[in-house]
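Everything below concerns the one structure shown next.
FYI, the numbering just counts along the sequence from 1.
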Amino acid sequence: MSVTSFRPLRGFRVPSVSTAMTFCGLVLTILFLLIALLSPLFSIWGWIQSPTEFLSNPIHQPPSPQHWFGTSRLGYDVFSRTLFGTQVAWQVVLLATLLSVGIGVPLGMVSGYLGGKIDRVLLFLMDTIYTLPGLLLSITLAFVVGKGVLNAAIALSVAYVPQYYRVVRNHTTSVKTELFIEAAQALGANTWTILTRYLFLNVIQSVPVLFTLNAADAILTLGGLGFLGLGLPDEVPEWGHDLRIALEALPTGIWWTTLFPGLALTIMVVGLSLLGEGLNDFLNPRLRNQR
């Protein structure tokens with residue numbers, strides 16, 4: 001009996017590469033979310049060491065049953081620092097992307113709906129910010145506002161505001177000519193009602209995709225700020241800062257202080273990127289049909 005004639009296999013369809021990659025991205029993202037949520041509990045229960053406890057451990061100890069990822073130059077437990085770095089990354093990145101959405105989406109809706117001078121001024125301002133390199137802009141703002149979770153989020157968010165503005169503005173410009181908008185205007189609906197009740201849900205289809213992709217990019221940018229010493233205070237467990245400290249010992253064969261924070265950063269970025277691409281396929285039927 002051939003495989004093709006076996007009835008239970010007739011309805012089985014091998015998932016596409018896009019679906020498999022999206023599933024991998026979702027699993028990785030959920031995994032890092034669970035790590036961020038459970039790390040404080042693990043520390044309270046005594047399962048992992050405090051990420052700020054140092055000098056009580058042996059310096060530059062390789063991975064062992066006592067310290068799974070080894071210890072750093074100051075005696076930090078690399079395993080604990082890597083886990084808590086996930087929590088810090090989520091805090092800064094989510095705050096930065098939410099700030100970007102909270103600023104870019106309303107400005108895009110107002111600009112696209114009202115048009116005129118407001119649209120031209122906002123478009124010129126956003127295009128000016130958009131032409132600046134995101135990392136350079138974040139570094140400059142981080143140098144001005146200083147270190148801290150909120151300050152780092154502000155430094156990151158400014159670079160992403162024009163992206164939300166441009167996407168929402170273009171959608172608003174096309175949707176405002178639809179018949180249901182004209183009907184609402186004819187019935188006397190004011191601008192606030194039209195923006196919130198009729199336009200909002202019709203112009204934010206691409207925002208979740210952009211939100212996920214920007215979160216992945218923000219993690220890399222936060223790592224760059226930490227590597228330059230501009231992100232968070234030194235005692236806060238952050239992957240970029242730990243990589244900068246570990247880089248000095250790398251030529252001497254101390255590889256574990258660099259490998260594990262860098263690997264965590266890379267996997268988290270890959271997971272969010274795959275999830276964002278999967279959402280783009282799901283929310284964009286035309287692109288999904290082409291694939």
Side-chain angles (χ1 to χ4, degrees), residues 25 28-30 32-33 35-37 39 84-109 122 125-169 204 206-244 261-262 264-277 279-280:
L28 290 175
T29 302
I30 294 176
F32 277 94
L33 278 173
I35 291 174
L37 294 174
S39 294
F84 275 87
T86 305
Q87 184 186 43
V88 173
W90 277 118
Q91 289 176 352
V92 176
V93 167
L94 289 179
L95 184 57
T97 47
L98 287 175
L99 286 174
S100 302
V101 172
I103 297 174
V105 171
L107 289 180
M109 292 177 60
L122 289 175
L125 178 62
M126 294 299 170
D127 286 344
T128 302
I129 299 175
Y130 190 74
T131 56
L132 299 174
L135 179 59
L136 180 61
L137 181 61
S138 298
I139 290 174
T140 304
L141 292 175
F143 182 79
V144 173
V145 300
K147 297 182 179 181
V149 173
L150 179 60
N151 295 340
I154 294 174
L156 293 174
S157 64
V158 175
Y160 302 121
V161 170
Q163 299 182 28
Y164 293 101
Y165 167 82
R166 291 161 65 96
V167 169
V168 173
R169 176 193 174 274
I204 61 170
S206 299
V207 170
V209 178
L210 195 59
F211 184 92
T212 307
L213 296 177
N214 281 344
D217 184 73
I219 292 174
L220 288 176
T221 306
L222 177 63
L225 294 179
F227 191 82
L228 296 174
L230 298 174
L232 302 175
D234 295 341
E235 66 275 5
V236 177
E238 194 273 317
W239 293 328
H241 174 265
D242 289 351
L243 287 174
R244 179 173 68 90
L265 188 149
T266 303
I267 295 176
M268 187 172 179
V269 170
V270 170
L272 286 171
S273 300
L274 293 177
L275 181 59
E277 292 296 335
L279 287 176
N280 191 25

**Request:** Would you mind reporting whether L272 and F211 have side-chain heavy atoms less than 4.5 Å apart?
**Result:** no
**Request:** Verify, without hydrogens or angle tests, whether W90 (side chain) and L37 (backbone) share a donor-acceptor contact under 3.5 angstrom.
**Result:** no
**Prompt:** Is the closest side-chain heavy-atom distance between T140 and L132 below 4.5 Å?
**Reply:** no
**Request:** Grab the two heavy atoms, one from A153 and one from V92, that are nearest each other, plus how far apart they are.
**Result:** CB-O, 3.8 Å
**Item:** Test item: S138 side-chain N/O and A155 main-chain N/O as donor-acceptor pair under 3.5 Å
**Value:** yes
**Message:** Taking the side chain as everything from C-beta on, heavy atoms only, tell me whether V207 gets closer than 4.5 Å to V167.
**Reply:** no
**Asked** What closest approach, in Å, do K147 and L232 show between heavy atoms, and which atom pair accounts for it?
**Response** CD-O, 3.6 Å
**Asked** At their closest point, which heavy atom of T131 faces which heavy atom of T128, and how far apart are they?
**Response** OG1-O, 2.7 Å
**Request:** Flag the pair V105 / M109 as yes when at least one side-chain heavy-atom distance between them is below 4.5 Å, and no otherwise.
**Result:** yes
**Item:** Donor-acceptor contact present, side-chain Y160 to main-chain A218, <3.5 Å
**Value:** yes
**Complete:** Correct closest heavy-atom pair for A264 and F32 would be O-CZ, 3.6 Å
**Item:** Worked verdict on R166 versus D127 for side-chain contact (heavy atoms from CB on, under 4.5 Å)
**Value:** CA-CA 9 Å; R166 291 161 65 96; D127 286 344; 2.7 Å; yes
**Request:** Indicate yes or no: at least one non-hydrogen side-chain atom of R244 is less than 4.5 angstrom from one of L228.
**Result:** no
**Test item: I154 and L141 side chains (from C-beta on) under 4.5 Å apart, heavy atoms** = no
**Pairwise side-chain contact, T86 with L33, heavy-atom cut-off 4.5 Å (strictly under)** = no
**Message:** Between T221 (side chain only) and L135 (backbone N and O only), is there a donor and an acceptor less than 3.5 Å apart?
**Reply:** no
